[in-house]
Amino acid sequence: MRDRLLVALLTTLAAVALAAPASAPAADSDVYAAWLSEDKAMDTATRSLTRALKRAERARFRRVGPVVKQLRKLEVLTVAVRDRVMAASASTPSGNAAR
C-alpha cells in the first residue's frame with residue numbers, strides 16, 4: 001500500500017513537472033513575462049513539496065496529507081502559469097517555439 005502511494009505521488013509530481021513549459025529563452029517578451037509571473041511562488045511551492053516529501057519519508061508515509069496539499073498547490077500554480085503562457089500571443093516564430 002505504501003509503495004503504491006509513493007509511486008502515485010512521484011507520478012503526480014512528474015506529471016506536474018512535465019506540464020510546465022521548458023525554460024528556453026523566449027524571444028517574445030509577453031510569453032516570457034507570463035512564464036515568470038509565478039516563478040517565485042513556484043520555487044516556494046517546490047521547496048515546500050520537497051520538505052513535505054522528506055518528512056513523509058522519515059515517517060514511513062504514515063501521514064501524506066501535507067504532501068498531497070503541496071502537490072495540489074503546485075498543480076494549481078502550474079495550471080495558472082500554463083494558461084497565462086497559452087493566452088499570450090507570440091509575435092515571432094521563436095516566441096511560439098518557446099511557448
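Throughout, numbering of the chain's residues begins at 1 and tracks the sequence. Note that this is a predicted model, so its numbers are computed, not measured.
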Leu77 to Ala41 - nearest heavy-atom pair and separation: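 What the structure gives for the nearest pair is CD1-O, 3.6 Å.
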Val67 versus Ala56, closest heavy-atom pair with distance: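 The answer is CG2-CB, 3.7 Å.
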Do side-chain atoms of Arg72 reach the backbone of Lys69 as a donor and acceptor pair under 3.5 angstrom?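 It does not hold such a pair.
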Verdict with supporting geometry, Gln70 and Leu53, side-chain contact (heavy atoms from CB on, under 4.5 Å): CA-CA 9 Å; Gln70 294 304 324; Leu53 277 171; over 6 Å; no
Write out all pairs satisfying side chain to side chain donor-acceptor pair (under 3.5 Å) with one or both partners inside residues 50-59, taking only residues at least two apart or from two chains.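 Only Ser48-Arg51 qualify under side chain to side chain donor-acceptor pair (under 3.5 Å).
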